[in-house]
Amino acid sequence: MSLTLRTQIGIVGAGPAGLMLAHLLRLEGIASAVIETRSRGHVETRVRAGVLEQATADLLVETGLGDRMRREALVHGGIELRFNGAGHRIDFQDLTGRSIVVYGQQEVVKDLIHARLESGCEIHFNVAAVSIHGFDSAQPRIRFHAGGQPREIACDFIAGCDGFHGICRPSIPAGALAFYERVYPFAWLGILAEAPPASGELIYANHERGFALMSMRTPAITRLYLQCRPDEDLDAWPDRRIWDELGTRFETAAGFRLAEGPIVQKGVTGMRSFVAEPMQSGRLFLAGDAAHIVPPTGAKGMNLAIADVHVLARAFRSFYRTGSEDRLRGYSAACLRRVWRAQHFSWWMTSMLHRVGGDSGFEYRRQLAELEQVTTSRAAATSLAENYTGLPFE
Ligand code: APR
Ligand code: PHB
(Lines give C-alpha, C1' and ligand atoms only; values in the text may rest on other atoms or scores of the structure.)
(Ligands and ions follow the chains in the order given, each with its own letter.)
Protein backbone atom coordinates (compact mmCIF):
# COMPACT_ATOMS: atom_id res chain seq x y z
CA MET A 1 0.00 0.00 0.00
CA SER A 2 1.43 3.36 -0.91
CA LEU A 3 1.01 6.39 1.28
CA THR A 4 -1.12 9.02 -0.48
CA LEU A 5 -0.62 12.75 -0.01
CA ARG A 6 -3.49 14.99 -1.13
CA THR A 7 -2.79 18.46 -2.52
CA GLN A 8 -4.11 20.92 -5.12
CA ILE A 9 -1.14 21.10 -7.51
CA GLY A 10 1.41 18.29 -7.87
CA ILE A 11 4.70 19.70 -9.13
CA VAL A 12 7.31 17.46 -10.78
CA GLY A 13 10.79 19.00 -10.68
CA ALA A 14 12.53 21.50 -8.37
CA GLY A 15 14.30 23.68 -10.94
CA PRO A 16 13.45 27.38 -11.35
CA ALA A 17 10.06 26.53 -12.95
CA GLY A 18 8.80 24.09 -10.31
CA LEU A 19 10.12 26.04 -7.31
CA MET A 20 8.85 29.41 -8.54
CA LEU A 21 5.44 27.91 -9.30
CA ALA A 22 5.24 26.50 -5.77
CA HIS A 23 6.25 29.91 -4.39
CA LEU A 24 3.66 31.87 -6.43
CA LEU A 25 0.94 29.36 -5.50
CA ARG A 26 1.75 29.59 -1.80
CA LEU A 27 1.35 33.38 -1.98
CA GLU A 28 -2.14 32.75 -3.45
CA GLY A 29 -3.01 30.26 -0.71
CA ILE A 30 -2.97 27.31 -3.14
CA ALA A 31 -1.39 24.10 -1.81
CA SER A 32 1.23 22.22 -3.78
CA ALA A 33 3.66 19.32 -3.37
CA VAL A 34 7.07 19.35 -5.08
CA ILE A 35 9.07 16.22 -5.93
CA GLU A 36 12.63 16.16 -7.26
CA THR A 37 14.82 13.22 -8.26
CA ARG A 38 18.11 14.90 -7.35
CA SER A 39 19.41 15.96 -3.94
CA ARG A 40 19.08 19.46 -2.52
CA GLY A 41 22.87 19.85 -2.71
CA HIS A 42 22.86 18.90 -6.38
CA VAL A 43 20.20 21.39 -7.49
CA GLU A 44 21.74 24.17 -5.39
CA THR A 45 25.21 23.82 -6.88
CA ARG A 46 24.45 22.94 -10.53
CA VAL A 47 26.03 25.73 -12.60
CA ARG A 48 23.54 26.96 -15.20
CA ALA A 49 22.49 30.29 -16.73
CA GLY A 50 23.07 33.61 -15.04
CA VAL A 51 21.12 36.46 -16.64
CA LEU A 52 17.73 37.68 -15.39
CA GLU A 53 15.57 39.92 -17.50
CA GLN A 54 14.34 43.00 -15.70
CA ALA A 55 10.80 41.55 -15.44
CA THR A 56 12.15 38.32 -13.90
CA ALA A 57 14.22 40.21 -11.34
CA ASP A 58 11.23 42.48 -10.57
CA LEU A 59 8.99 39.44 -9.99
CA LEU A 60 11.52 37.94 -7.57
CA VAL A 61 11.60 41.22 -5.63
CA GLU A 62 7.80 41.66 -5.66
CA THR A 63 7.29 38.15 -4.31
CA GLY A 64 9.71 38.58 -1.41
CA LEU A 65 12.75 36.85 -2.91
CA GLY A 66 14.87 39.92 -3.56
CA ASP A 67 16.92 40.35 -0.37
CA ARG A 68 20.10 38.48 -1.27
CA MET A 69 19.75 39.26 -4.98
CA ARG A 70 19.64 43.00 -4.21
CA ARG A 71 22.83 42.66 -2.16
CA GLU A 72 24.81 40.31 -4.37
CA ALA A 73 23.56 40.56 -7.95
CA LEU A 74 25.21 42.76 -10.56
CA VAL A 75 22.96 45.14 -12.53
CA HIS A 76 24.16 45.68 -16.10
CA GLY A 77 22.96 48.47 -18.38
CA GLY A 78 24.32 46.91 -21.57
CA ILE A 79 26.48 44.28 -23.28
CA GLU A 80 29.43 44.39 -25.64
CA LEU A 81 29.54 42.84 -29.11
CA ARG A 82 33.12 42.20 -30.20
CA PHE A 83 34.26 41.48 -33.77
CA ASN A 84 37.14 42.42 -36.06
CA GLY A 85 39.30 43.11 -33.00
CA ALA A 86 37.07 45.86 -31.58
CA GLY A 87 34.27 46.10 -29.01
CA HIS A 88 30.94 47.89 -29.49
CA ARG A 89 28.60 48.56 -26.59
CA ILE A 90 24.83 48.07 -26.85
CA ASP A 91 23.43 50.47 -24.27
CA PHE A 92 20.23 48.82 -22.98
CA GLN A 93 19.42 51.67 -20.60
CA ASP A 94 19.60 54.30 -23.30
CA LEU A 95 17.76 52.20 -25.90
CA THR A 96 15.00 50.68 -23.74
CA GLY A 97 15.23 52.15 -20.23
CA ARG A 98 15.70 48.59 -18.97
CA SER A 99 18.63 46.65 -17.49
CA ILE A 100 19.53 43.02 -16.88
CA VAL A 101 20.56 41.40 -13.61
CA VAL A 102 23.48 38.98 -13.43
CA TYR A 103 22.65 36.41 -10.74
CA GLY A 104 23.33 32.68 -11.08
CA GLN A 105 20.40 30.33 -11.62
CA GLN A 106 21.54 28.23 -8.68
CA GLU A 107 21.36 31.32 -6.48
CA VAL A 108 17.71 31.80 -7.52
CA VAL A 109 17.14 28.11 -6.78
CA LYS A 110 18.77 28.46 -3.33
CA ASP A 111 16.60 31.48 -2.50
CA LEU A 112 13.44 29.63 -3.61
CA ILE A 113 14.28 26.50 -1.61
CA HIS A 114 15.06 28.59 1.45
CA ALA A 115 11.76 30.51 1.14
CA ARG A 116 9.72 27.31 0.77
CA LEU A 117 11.32 25.50 3.69
CA GLU A 118 11.06 28.60 5.86
CA SER A 119 7.32 28.80 5.19
CA GLY A 120 6.99 25.28 6.59
CA CYS A 121 6.34 23.62 3.22
CA GLU A 122 8.19 20.53 2.08
CA ILE A 123 10.18 19.59 -1.00
CA HIS A 124 10.61 15.85 -1.56
CA PHE A 125 14.20 15.50 -2.79
CA ASN A 126 15.90 12.24 -3.87
CA VAL A 127 12.70 10.58 -5.08
CA ALA A 128 12.85 7.78 -7.66
CA ALA A 129 10.65 5.92 -10.16
CA VAL A 130 8.42 8.94 -10.87
CA SER A 131 5.33 8.37 -13.05
CA ILE A 132 2.18 10.40 -13.70
CA HIS A 133 -1.33 9.03 -14.20
CA GLY A 134 -4.91 10.05 -14.89
CA PHE A 135 -4.27 13.57 -16.13
CA ASP A 136 -7.03 13.03 -18.69
CA SER A 137 -9.42 12.69 -15.72
CA ALA A 138 -10.35 14.85 -12.71
CA GLN A 139 -8.11 12.71 -10.45
CA PRO A 140 -4.49 12.99 -11.58
CA ARG A 141 -1.90 11.05 -9.60
CA ILE A 142 1.89 11.22 -9.28
CA ARG A 143 3.59 8.01 -8.12
CA PHE A 144 7.17 7.76 -6.91
CA HIS A 145 9.45 6.10 -4.41
CA ALA A 146 10.86 7.96 -1.40
CA GLY A 147 13.35 6.22 0.86
CA GLY A 148 12.52 2.99 -1.00
CA GLN A 149 8.80 3.25 -0.14
CA PRO A 150 6.05 3.73 -2.76
CA ARG A 151 4.27 7.08 -2.41
CA GLU A 152 1.47 8.82 -4.27
CA ILE A 153 0.31 12.41 -4.68
CA ALA A 154 -3.39 12.87 -5.49
CA CYS A 155 -3.99 16.34 -6.93
CA ASP A 156 -6.29 18.50 -9.05
CA PHE A 157 -3.61 19.32 -11.62
CA ILE A 158 -0.03 18.28 -12.41
CA ALA A 159 2.66 20.80 -13.34
CA GLY A 160 5.39 19.15 -15.43
CA CYS A 161 8.45 21.22 -14.49
CA ASP A 162 10.94 18.38 -14.87
CA GLY A 163 13.18 19.85 -17.56
CA PHE A 164 14.01 18.65 -21.05
CA HIS A 165 14.88 15.07 -19.97
CA GLY A 166 11.96 14.65 -17.57
CA ILE A 167 9.11 12.14 -17.71
CA CYS A 168 6.10 14.45 -17.99
CA ARG A 169 6.30 15.40 -21.67
CA PRO A 170 6.96 11.78 -22.78
CA SER A 171 3.93 10.66 -20.70
CA ILE A 172 1.57 12.53 -23.03
CA PRO A 173 0.04 10.17 -25.62
CA ALA A 174 1.82 10.10 -28.97
CA GLY A 175 0.23 12.44 -31.47
CA ALA A 176 -1.22 14.83 -28.88
CA LEU A 177 1.75 17.23 -29.14
CA ALA A 178 3.67 18.62 -32.08
CA PHE A 179 7.45 19.07 -31.68
CA TYR A 180 9.51 21.71 -33.46
CA GLU A 181 13.26 21.29 -33.23
CA ARG A 182 16.61 22.45 -34.51
CA VAL A 183 19.90 20.99 -33.28
CA TYR A 184 23.00 23.11 -33.92
CA PRO A 185 26.27 21.64 -35.21
CA PHE A 186 28.26 23.23 -32.35
CA ALA A 187 28.31 23.44 -28.55
CA TRP A 188 29.78 25.60 -25.77
CA LEU A 189 32.70 24.66 -23.57
CA GLY A 190 31.97 26.57 -20.36
CA ILE A 191 34.25 27.31 -17.42
CA LEU A 192 33.89 28.98 -14.07
CA ALA A 193 37.14 30.63 -13.00
CA GLU A 194 38.34 32.29 -9.83
CA ALA A 195 39.36 35.43 -11.66
CA PRO A 196 37.86 38.92 -11.72
CA PRO A 197 35.85 39.64 -14.89
CA ALA A 198 38.05 41.61 -17.30
CA SER A 199 35.16 43.91 -18.16
CA GLY A 200 32.18 45.29 -16.25
CA GLU A 201 29.64 43.84 -18.72
CA LEU A 202 29.14 40.66 -20.78
CA ILE A 203 31.17 40.34 -23.99
CA TYR A 204 29.80 38.35 -26.95
CA ALA A 205 32.64 37.80 -29.44
CA ASN A 206 32.48 36.60 -33.03
CA HIS A 207 36.01 35.54 -33.97
CA GLU A 208 37.14 33.67 -37.09
CA ARG A 209 38.04 30.72 -34.82
CA GLY A 210 34.56 30.69 -33.29
CA PHE A 211 32.26 32.33 -30.77
CA ALA A 212 33.31 33.25 -27.22
CA LEU A 213 31.39 34.77 -24.30
CA MET A 214 32.62 36.40 -21.14
CA SER A 215 30.07 36.50 -18.34
CA MET A 216 30.46 36.59 -14.57
CA ARG A 217 28.91 35.58 -11.28
CA THR A 218 30.57 37.94 -8.80
CA PRO A 219 33.34 40.58 -8.95
CA ALA A 220 35.76 37.68 -8.27
CA ILE A 221 34.27 34.88 -10.44
CA THR A 222 34.24 34.87 -14.23
CA ARG A 223 32.06 32.58 -16.36
CA LEU A 224 33.50 32.01 -19.83
CA TYR A 225 32.37 30.00 -22.84
CA LEU A 226 33.91 29.12 -26.17
CA GLN A 227 32.30 27.51 -29.19
CA CYS A 228 33.39 23.88 -29.65
CA ARG A 229 32.17 20.68 -31.32
CA PRO A 230 29.11 18.94 -29.79
CA ASP A 231 31.27 15.84 -29.15
CA GLU A 232 34.24 17.85 -27.83
CA ASP A 233 36.50 15.83 -25.51
CA LEU A 234 37.14 17.86 -22.36
CA ASP A 235 40.37 15.92 -21.78
CA ALA A 236 41.77 17.60 -24.88
CA TRP A 237 41.30 20.96 -23.14
CA PRO A 238 43.82 21.41 -20.33
CA ASP A 239 43.45 24.78 -18.62
CA ARG A 240 46.34 26.37 -20.56
CA ARG A 241 44.70 25.56 -23.90
CA ILE A 242 41.38 27.02 -22.74
CA TRP A 243 42.97 30.31 -21.64
CA ASP A 244 45.01 30.58 -24.85
CA GLU A 245 41.97 29.99 -27.03
CA LEU A 246 39.87 32.46 -25.03
CA GLY A 247 42.70 35.00 -25.24
CA THR A 248 42.75 34.69 -29.03
CA ARG A 249 39.00 34.97 -29.46
CA PHE A 250 38.69 38.05 -27.24
CA GLU A 251 41.76 39.86 -28.56
CA THR A 252 41.41 43.48 -29.60
CA ALA A 253 43.66 45.92 -31.40
CA ALA A 254 43.71 47.85 -28.11
CA GLY A 255 45.39 44.90 -26.32
CA PHE A 256 42.50 43.48 -24.21
CA ARG A 257 43.59 40.85 -21.69
CA LEU A 258 41.45 38.40 -19.74
CA ALA A 259 42.31 37.95 -16.08
CA GLU A 260 43.22 34.27 -15.56
CA GLY A 261 42.76 32.19 -12.43
CA PRO A 262 42.02 28.64 -11.22
CA ILE A 263 39.28 26.93 -13.25
CA VAL A 264 36.82 25.47 -10.73
CA GLN A 265 34.24 23.99 -13.11
CA LYS A 266 34.29 22.81 -16.75
CA GLY A 267 31.58 21.40 -19.01
CA VAL A 268 30.24 21.11 -22.55
CA THR A 269 26.66 22.24 -23.30
CA GLY A 270 24.86 21.26 -26.49
CA MET A 271 22.78 23.77 -28.41
CA ARG A 272 19.19 23.11 -29.36
CA SER A 273 15.98 24.95 -30.17
CA PHE A 274 12.87 22.96 -29.23
CA VAL A 275 9.17 23.65 -28.69
CA ALA A 276 6.36 21.25 -27.74
CA GLU A 277 2.86 22.44 -28.64
CA PRO A 278 0.51 22.76 -26.92
CA MET A 279 2.08 23.03 -23.45
CA GLN A 280 -0.87 21.18 -21.94
CA SER A 281 -2.61 17.83 -22.10
CA GLY A 282 -5.78 17.52 -20.00
CA ARG A 283 -4.83 18.36 -16.42
CA LEU A 284 -1.09 18.24 -17.09
CA PHE A 285 0.63 21.58 -17.75
CA LEU A 286 4.24 21.71 -19.00
CA ALA A 287 6.45 24.64 -17.98
CA GLY A 288 10.07 25.66 -18.60
CA ASP A 289 12.56 23.31 -20.23
CA ALA A 290 9.99 20.47 -20.16
CA ALA A 291 8.17 22.36 -22.91
CA HIS A 292 10.89 24.32 -24.71
CA ILE A 293 14.65 24.78 -25.05
CA VAL A 294 16.53 27.74 -26.50
CA PRO A 295 20.23 27.94 -27.34
CA PRO A 296 21.88 29.91 -24.51
CA THR A 297 23.11 32.77 -26.72
CA GLY A 298 20.10 34.96 -25.91
CA ALA A 299 20.17 34.13 -22.16
CA LYS A 300 16.45 33.30 -22.24
CA GLY A 301 16.10 29.77 -20.71
CA MET A 302 15.49 30.65 -17.07
CA ASN A 303 13.47 33.75 -17.97
CA LEU A 304 11.07 31.72 -20.08
CA ALA A 305 10.68 29.18 -17.27
CA ILE A 306 9.75 31.95 -14.82
CA ALA A 307 7.42 33.62 -17.35
CA ASP A 308 5.57 30.30 -17.91
CA VAL A 309 4.88 29.69 -14.23
CA HIS A 310 3.82 33.30 -13.73
CA VAL A 311 1.07 32.69 -16.33
CA LEU A 312 0.27 29.27 -14.87
CA ALA A 313 -0.03 30.51 -11.27
CA ARG A 314 -2.49 33.20 -12.42
CA ALA A 315 -4.52 30.60 -14.32
CA PHE A 316 -4.71 28.36 -11.21
CA ARG A 317 -5.69 31.38 -9.10
CA SER A 318 -8.50 32.19 -11.51
CA PHE A 319 -9.68 28.56 -11.44
CA TYR A 320 -9.75 28.31 -7.63
CA ARG A 321 -11.36 31.74 -7.20
CA THR A 322 -14.04 31.54 -9.89
CA GLY A 323 -14.23 27.90 -11.01
CA SER A 324 -13.57 29.06 -14.57
CA GLU A 325 -11.06 27.10 -16.65
CA ASP A 326 -10.74 29.87 -19.28
CA ARG A 327 -7.29 31.02 -18.11
CA LEU A 328 -6.06 27.42 -17.91
CA ARG A 329 -7.29 26.81 -21.46
CA GLY A 330 -5.43 29.94 -22.58
CA TYR A 331 -2.18 28.98 -20.78
CA SER A 332 -0.40 27.38 -23.72
CA ALA A 333 -1.23 30.09 -26.26
CA ALA A 334 -0.27 32.85 -23.80
CA CYS A 335 3.13 31.25 -23.13
CA LEU A 336 3.87 30.28 -26.71
CA ARG A 337 3.75 33.88 -27.92
CA ARG A 338 6.68 34.73 -25.63
CA VAL A 339 8.37 31.38 -26.31
CA TRP A 340 8.43 31.90 -30.09
CA ARG A 341 9.65 35.49 -29.70
CA ALA A 342 12.53 34.12 -27.59
CA GLN A 343 13.07 31.27 -30.04
CA HIS A 344 13.52 33.72 -32.87
CA PHE A 345 15.81 35.98 -30.84
CA SER A 346 17.97 33.10 -29.55
CA TRP A 347 18.31 31.61 -33.03
CA TRP A 348 19.17 35.05 -34.45
CA MET A 349 21.87 35.78 -31.83
CA THR A 350 23.25 32.26 -32.33
CA SER A 351 23.46 32.55 -36.10
CA MET A 352 24.99 36.02 -35.94
CA LEU A 353 27.81 34.93 -33.63
CA HIS A 354 28.86 31.31 -34.36
CA ARG A 355 31.15 29.93 -37.04
CA VAL A 356 29.60 27.21 -39.17
CA GLY A 357 31.52 24.31 -40.71
CA GLY A 358 32.09 24.37 -44.45
CA ASP A 359 31.69 28.13 -44.69
CA SER A 360 33.35 29.48 -47.83
CA GLY A 361 33.75 32.80 -46.02
CA PHE A 362 30.35 34.06 -47.14
CA GLU A 363 28.65 33.34 -43.79
CA TYR A 364 31.42 35.07 -41.83
CA ARG A 365 31.23 38.19 -44.00
CA ARG A 366 27.43 38.20 -43.76
CA GLN A 367 27.75 38.04 -39.95
CA LEU A 368 30.22 40.93 -39.90
CA ALA A 369 27.83 42.99 -42.02
CA GLU A 370 25.03 42.19 -39.60
CA LEU A 371 27.16 43.03 -36.54
CA GLU A 372 28.20 46.27 -38.22
CA GLN A 373 24.56 47.18 -38.68
CA VAL A 374 23.51 46.17 -35.15
CA THR A 375 26.29 48.31 -33.66
CA THR A 376 25.79 51.39 -35.87
CA SER A 377 22.05 51.59 -36.52
CA ARG A 378 20.00 52.73 -33.53
CA ALA A 379 16.96 50.91 -34.91
CA ALA A 380 18.84 47.61 -35.17
CA ALA A 381 20.48 48.04 -31.75
CA THR A 382 17.10 48.84 -30.19
CA SER A 383 15.65 45.59 -31.51
CA LEU A 384 18.48 43.61 -29.89
CA ALA A 385 18.15 45.56 -26.63
CA GLU A 386 14.36 45.09 -26.45
CA ASN A 387 14.65 41.37 -26.98
CA TYR A 388 17.60 40.88 -24.65
CA THR A 389 16.10 42.81 -21.74
CA GLY A 390 12.77 41.08 -22.41
CA LEU A 391 9.08 41.84 -22.58
CA PRO A 392 7.41 43.03 -19.37
CA PHE A 393 5.13 40.41 -17.78
CA GLU A 394 1.49 41.16 -18.58
N1 APR B 1 10.91 13.62 -11.34
C2 APR B 1 11.20 14.69 -10.57
N3 APR B 1 12.10 15.64 -10.92
C4 APR B 1 12.73 15.49 -12.09
C5 APR B 1 12.47 14.39 -12.95
C6 APR B 1 11.52 13.44 -12.53
N7 APR B 1 11.23 12.37 -13.27
N8 APR B 1 13.26 14.53 -14.05
C9 APR B 1 13.95 15.66 -13.88
N10 APR B 1 13.65 16.24 -12.71
C11 APR B 1 14.17 17.49 -12.13
C12 APR B 1 15.61 17.79 -12.50
O13 APR B 1 16.51 17.12 -11.64
C14 APR B 1 15.65 19.30 -12.32
O15 APR B 1 16.02 19.67 -11.01
O16 APR B 1 13.45 18.57 -12.70
C17 APR B 1 14.23 19.76 -12.59
C18 APR B 1 14.12 20.56 -13.85
O19 APR B 1 14.82 21.77 -13.68
P20 APR B 1 15.57 22.53 -14.88
O21 APR B 1 16.21 21.55 -15.78
O22 APR B 1 16.39 23.58 -14.26
O23 APR B 1 14.36 23.16 -15.73
P24 APR B 1 13.43 24.41 -15.45
O25 APR B 1 13.00 24.50 -14.04
O26 APR B 1 12.41 24.38 -16.53
O27 APR B 1 14.38 25.66 -15.67
C28 APR B 1 14.85 26.04 -16.94
O29 APR B 1 17.12 25.56 -16.53
O30 APR B 1 18.34 24.26 -18.05
C31 APR B 1 18.14 25.51 -17.53
O32 APR B 1 18.71 26.96 -19.30
C33 APR B 1 17.65 26.36 -18.63
O34 APR B 1 17.70 28.29 -17.41
C35 APR B 1 16.82 27.31 -17.91
C36 APR B 1 16.22 26.61 -16.79
C1 PHB C 1 26.01 32.95 -18.12
O2 PHB C 1 26.38 33.87 -17.38
O3 PHB C 1 26.12 31.76 -17.79
C4 PHB C 1 25.44 33.30 -19.45
C5 PHB C 1 25.31 34.63 -19.80
C6 PHB C 1 24.77 34.96 -21.04
C7 PHB C 1 24.39 33.96 -21.90
C8 PHB C 1 24.50 32.63 -21.54
C9 PHB C 1 25.04 32.30 -20.32
O10 PHB C 1 23.90 34.30 -23.13
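In what follows, residues are counted from 1 in the order of the sequence shown. Atoms considered below: every heavy atom in the structure, side chains included; atoms not considered: hydrogens, waters and symmetry mates. When a ligand or atom number is given, it counts from 1 through the structure's own listing order. Just so we're clear, the structure is a prediction, and the values are computed from it rather than from any experiment.
- For the residue pair Ser99 / Gln93, a side-chain donor-acceptor distance below 3.5 Å is found, with atom types taken as modelled.
- In terms of hydrophobic clustering, with Ile, Leu, Val, Met, Phe, Trp and Tyr side chains grouped at heavy-atom distances under 4.5 Å, Leu112 and Val102 are assigned to different clusters.
- The option from Tyr388, Tyr204, Tyr103 that lies nearest to atom 7 (C) of ligand 2, judged by heavy atoms, is Tyr204.
- Here the closest heavy-atom approach between residue Ala291 and residue Met279 is recorded as CB-CG, 3.8 Å.
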**Message:** Using side chain to side chain donor-acceptor pair (under 3.5 Å), reason through Arg327 and Ser318 one step at a time and then give a plain yes or no.
**Reply:** CA-CA 7 Å; Arg327 296 283 287 255; Ser318 163; 5.3 Å; no
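- Against a heavy-atom cut-off of under 4.0 Å, Val51 is close to the following atoms of ligand 2: 5 (C), 6 (C).
- Set against the non-hydrogen atoms of Val130, the atoms of ligand 1 under 4.0 Å away are 1 (N), 7 (N).
- Note on ligand 2: Val47 sits outside its first shell, no heavy atom being nearer than 4.0 Å.
- Judged by distance alone, the side chains of Gln227 and Trp188 never bring a donor and an acceptor atom under 3.5 Å apart.
- The nearest protein atom to atom 30 (O) of ligand 1, hydrogens excluded, is given as Arg48 NH2, 2.6 Å; this is a heavy-atom distance.
- Linking Ile, Leu, Val, Met, Phe, Trp and Tyr residues whenever their side-chain heavy atoms come within less than 4.5 Å leaves Tyr388 and Leu52 in two separate clusters.
- Nearest protein neighbour of atom 13 (O) of ligand 1, counting heavy atoms only, is Glu36 OE2, 2.6 Å.
- Taking CG from Leu213 and CZ from Arg223, the interatomic distance works out to 9.0 Å, rounded to the nearest 0.5 Å.
- Distances below 4.0 Å separate heavy atoms of Trp188 from the following atoms of ligand 2: 8 (C).
- Polar contact check, Ala17 against ligand 1: a nitrogen or oxygen pair lies under 3.5 Å apart.
- Ranking the protein heavy atoms by distance from atom 7 (N) of ligand 1 puts Ile167 CG1, 3.5 Å first.
- Numbered from 1 in the order shown, with element, the atoms of ligand 2 that lie under 4.0 Å from a heavy atom of Ser215 read 1 (C), 2 (O), 5 (C).
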**Request:** Output, in order, the C-alpha distance, side-chain angles, deciding distance and verdict of salt bridge (charged side-chain N to carboxylate O under 4.0 Å, His left out) for Arg378 and Asp94.
**Result:** CA-CA 10 Å; Arg378 189 171 174 91; Asp94 175 45; 3.0 Å; yes
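- Contact atoms of ligand 1 toward Gly288: 26 (O) (distance under 4.0 Å to a heavy atom of the residue).
- If you check the side chains of His292 and Asp308, you find a donor sitting under 3.5 Å from an acceptor.
- Of all the heavy atoms of Thr37, the ones lying under 4.0 Å from any atom of ligand 1 are found in both the backbone and the side chain.
- For the ligand labelled ligand 1, residue His165 lies outside the 4.0 Å heavy-atom shell.
- Comparing Gly15, Gly301, Gly50 against atom 32 (O) of ligand 1, the shortest heavy-atom distance belongs to Gly301.
- Close approach of ligand 1 to Met302 (heavy-atom distance below 4.0 Å) involves ligand atoms 34 (O), 35 (C).
- The one candidate from Trp347, Phe164, Tyr180 that meets the ring pair (Phe, Tyr, Trp, His ring centres under 6.0 Å) condition with Phe274 is Phe164.
- Considering both main-chain and side-chain atoms, Arg46 comes within under 3.5 Å of ligand 1 through a nitrogen or oxygen pair.
- Contact annotation: for Cys161 versus ligand 1, heavy atoms closer than 4.0 Å belong to the backbone alone.
- Ranking protein heavy atoms by distance to atom 27 (O) of ligand 1, first place goes to Pro16 CD, 3.4 Å.
- A ring-centre distance under 6.0 Å is found for Phe319 and Phe157.
- Those atoms of ligand 1 with a heavy atom of Val43 less than 4.0 angstrom away are 15 (O).
- Close approach of ligand 2 to Ala299 (heavy-atom distance below 4.0 Å) involves ligand atoms 6 (C), 7 (C), 10 (O).
- Looking only at protein heavy atoms, the nearest one to atom 9 (C) of ligand 1 is Asp162 O, 3.2 Å.
- Nearest to atom 29 (O) of ligand 1 among the protein's heavy atoms is Gln105 NE2, 3.1 Å.
- Ile203 and Val101 fall into different hydrophobic clusters, where Ile, Leu, Val, Met, Phe, Trp and Tyr side chains are chained together by heavy-atom contacts under 4.5 Å.
- Nearest protein neighbour of atom 8 (C) of ligand 2, counting heavy atoms only, is Pro296 O, 3.3 Å.
- Closest of all the heavy-atom pairs between Ser39 and Phe125 is C-CD2, 3.8 Å.
- The closest side-chain donor-acceptor pair between Asn206 and Gln367 falls under 3.5 angstrom.
- Val309 approaches Ala17 most closely through the heavy-atom pair CG1-O, 3.3 Å.
- Ranking protein heavy atoms by distance to atom 26 (O) of ligand 1, first place goes to Asp289 N, 2.8 Å.
- We find the OH-CG distance between Tyr204 and Leu371 to be 13.0 Å, quoted to the nearest 0.5 Å.
- The atoms of ligand 2 that sit less than 4.0 Å from any heavy atom of Leu213 are 6 (C), 7 (C), 8 (C), 10 (O).
- Distances between N or O atoms of Gly166 and those of ligand 1 include no value under 3.5 Å.
- Here His76 and Phe92 keep their ring centres 6.0 angstrom or further from each other.
- Close approach of ligand 2 to Leu202 (heavy-atom distance below 4.0 Å) involves ligand atoms 5 (C), 6 (C).
- The ligand atoms of ligand 1 that sit less than 4.0 angstrom from a heavy atom of Ile35 are 2 (C), 3 (N).
- What sits closest to atom 3 (O) of ligand 2 on the protein, heavy atoms only, is Tyr225 OH, 2.6 Å.
- In this structure, Arg217 has a heavy atom closer than 4.0 Å to ligand 2.
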